[in-house]
Amino acid sequence: MLKKVIFLDRDGTICEDQDYLDDWRKMKIFPYAFEALNILKDKGYQIYVVSNQSGVARGKFSIDEAESQREYVLGYFNRERVVINDYLYCPHHKDGIIEEFSIDCDCRKPNMGLAKRAVDIHLIDKERSYMVGDKLIDVEFGKNLGIIPVLVLTGYGNQELIKLKEKIPVFNNIYEFAVSLDS
């Protein structure tokens, strides 16, 4: 059976983008994000957070900190009921200064490595699945996966909207997107 899936970017989509967040305790999740993800879950979607975290490769924060951020997000959203199926991130960047993470990988969005690790992409209902993010690399990730890309205007969304060359769904935030979907 095909699955309805929502891939979500993290920074600028479910929380404020703080430009290389170096401490999970500084993370500011948008106040409407919890309700938005619950709405998506109630409508039958599996939810996967997919995030580029090149700050690890760039030496801005450690892989342990990236894991702490992952655990914080999962704990925040899953505290009352399971909301997020998984949270995957790419710590790599080809121009990084930390040798172990300074690679050109297949998991950095817009490549599809994170999607393939999250779910069998052949079992995704591509006509009813989405990639939601605030950057054009998120839009490209969705297109590469063959699902519907959605731009939200939080984070870098307003700046990226100016560069958008095709017509795709655009929403002010993740909550507006969630309430717009049919079950």
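In this structure, Arg70 contributes its side chain and Tyr87 its backbone to a donor-acceptor pair below 3.5 Å. When atom types are taken as modelled, the side chain of Asp120 and the backbone of His122 share a donor-acceptor pair closer than 3.5 angstrom. Side-chain atoms of Asn111 never come within 3.5 Å of backbone atoms of Cys107 as a donor-acceptor pair (strictly under, hydrogens ignored). For the pair Ser54 (side chain) and Ala57 (backbone), a donor-acceptor distance under 3.5 Å is absent. In this structure a side-chain-to-backbone donor-acceptor pair under 3.5 Å is present from Asn173 to Tyr175. A donor-acceptor pair under 3.5 Å is formed between the side chain of Asn78 and the backbone N or O of Val83. Looking only at distances, a side-chain donor or acceptor of Asn52 sits under 3.5 Å from a matching main-chain atom of Lys109. Side-chain atoms of Glu160 come within 3.5 Å of backbone N or O of Leu136 as a donor-acceptor pair. Remark: side-chain polar atoms of Gln69 are paired, donor with acceptor, to backbone N or O of Leu21 under 3.5 angstrom. Checked by atom type and distance alone, the side chain of Lys126 pairs as donor or acceptor with a backbone atom of Leu145 at under 3.5 Å.
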**Prompt:** Would Leu123 and Met1 count as a side-chain contact (heavy atoms from CB on, under 4.5 Å) if you check the C-alpha gap in whole Å, the side-chain angles of each, and the deciding distance to 0.1 Å?
**Reply:** CA-CA 7 Å; Leu123 297 179; Met1 183 165 150; over 6 Å; no
**Message:** Could you walk me through whether Leu40 and Leu181 satisfy the side-chain contact (heavy atoms from CB on, under 4.5 Å) test, starting with their C-alpha distance in whole Å, then the side-chain angles of each, then the deciding distance to 0.1 Å, before giving a yes or no?
**Reply:** CA-CA 8 Å; Leu40 294 170; Leu181 291 180; 3.6 Å; yes
**Message:** side-chain contact (heavy atoms from CB on, under 4.5 Å) for Met131 and Asp138? Distances and angles first, verdict last.
**Reply:** CA-CA 7 Å; Met131 172 62 208; Asp138 300 317; 3.6 Å; yes
**Criterion side-chain contact (heavy atoms from CB on, under 4.5 Å) on Val170 and Leu161, from CA distance to verdict** = CA-CA 8 Å; Val170 176; Leu161 181 62; 4.0 Å; yes
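Of the listed residues (Ile84, Ile6, Asn85), just one forms a side-chain contact (heavy atoms from CB on, under 4.5 Å) with Lys41, and that residue is Asn85. The only option from Gln18, Gln53, Lys135 that meets the side chain to side chain donor-acceptor pair (under 3.5 Å) definition with Asp11 turns out to be Gln53.
Separation of atoms CG (Leu8) and CZ (Phe77) is listed at 8.5 Å; rounding is to 0.5 Å. To the nearest 0.5 Å, atom CD of residue Glu71 and atom CG of residue Asp64 are 11.5 Å apart. A distance of 8.5 Å separates CG in Leu151 from OG1 in Thr13, rounded to the nearest 0.5 Å. One distance of note links CG of Asp17 with NZ of Lys28; it measures 12.0 Å at 0.5 Å rounding. Between the CG atom of Leu37 and the CD1 atom of Ile174 there is a distance of 6.5 Å, given to the nearest 0.5 Å.
Because its NZ or CZ atom is both nearer than 6.0 Å to the ring centre of Tyr76 and within 45° of the ring axis, Arg79 counts as a cation-pi partner of that residue. Because its NZ or CZ atom is not both nearer than 6.0 Å to the ring centre of Tyr72 and within 45° of the ring axis, Arg25 does not count as a cation-pi partner of that residue.
When hydrophobic clusters are built by joining Ile, Leu, Val, Met, Phe, Trp and Tyr residues whose side-chain heavy atoms come closer than 4.5 Å, directly or via intermediates, Tyr32 is grouped together with Tyr130. Side-chain heavy atoms closer than 4.5 Å link hydrophobic residues (I, L, V, M, F, W, Y) into clusters, and following such links, even through other members, never connects Val152 to Ile168. Cluster annotation: Phe61 and Ile97 are assigned to the same hydrophobic cluster (Ile/Leu/Val/Met/Phe/Trp/Tyr, side-chain heavy-atom contacts under 4.5 Å, transitive). Connection of Leu74 to Leu114 is not established within any shared hydrophobic cluster, with ILVMFWY side chains joined at heavy-atom distances below 4.5 Å, either directly or through further cluster members. Under the 4.5 Å side-chain contact rule for hydrophobic residues, Tyr20 and Tyr156 do not share a cluster.
The two residues Cys15 and Ile29 make their nearest non-hydrogen contact at CB-CA, 3.7 Å. Looking at every heavy atom in both residues, Pro110 comes nearest to Ile137 through CB-O, 3.6 Å. Listed here is the closest heavy atom pair of Ile63 and Pro91: CD1-CB, 3.9 Å. Taking all atoms of both residues into account, the shortest heavy-atom contact from Asp95 to Ser102 is C-OG, 4.2 Å. Taking all atoms of both residues into account, the shortest heavy-atom contact from Arg128 to Tyr45 is O-CE2, 3.1 Å. Closest approach of Ser129 and Lys3 over heavy atoms only: OG-O, 3.5 Å.
Salt bridge status for Asp22 with Lys26: present, with a side-chain N to carboxylate O gap under 4.0 Å.
Side-chain contact between Tyr48 and Val119: present, with at least one pair of heavy atoms (C-beta onward) separated by less than 4.5 Å. Counting only heavy atoms from C-beta outward, the side chains of Arg10 and Met27 approach each other to under 4.5 Å. Contact check for Asp9 versus Asp134: side-chain heavy atoms found under the 4.5 Å cut-off. Proximity of Arg108 to Tyr89: side-chain heavy atoms (C-beta onward) are nowhere separated by under 4.5 Å. With a 4.5 Å cut-off on side-chain heavy atoms, Glu65 and Trp24 count as touching. Proximity of Arg58 to Ile98: side-chain heavy atoms (C-beta onward) are nowhere separated by under 4.5 Å.
Using cut-offs of 30° and 60° for the angle between ring planes, the Phe177 and Phe171 rings count as perpendicular.
Annotation: Lys43, atom NZ; neighbour count of heavy atoms from other residues, nucleotides and ligands within 6.0 Å is above 12. The neighbour count for Glu99 CD, taken as heavy atoms of other residues, nucleotides or ligands under 6.0 Å away, does not exceed 12.
If you look at Phe141 and Phe7, their ring centroids are closer than 6.0 Å.
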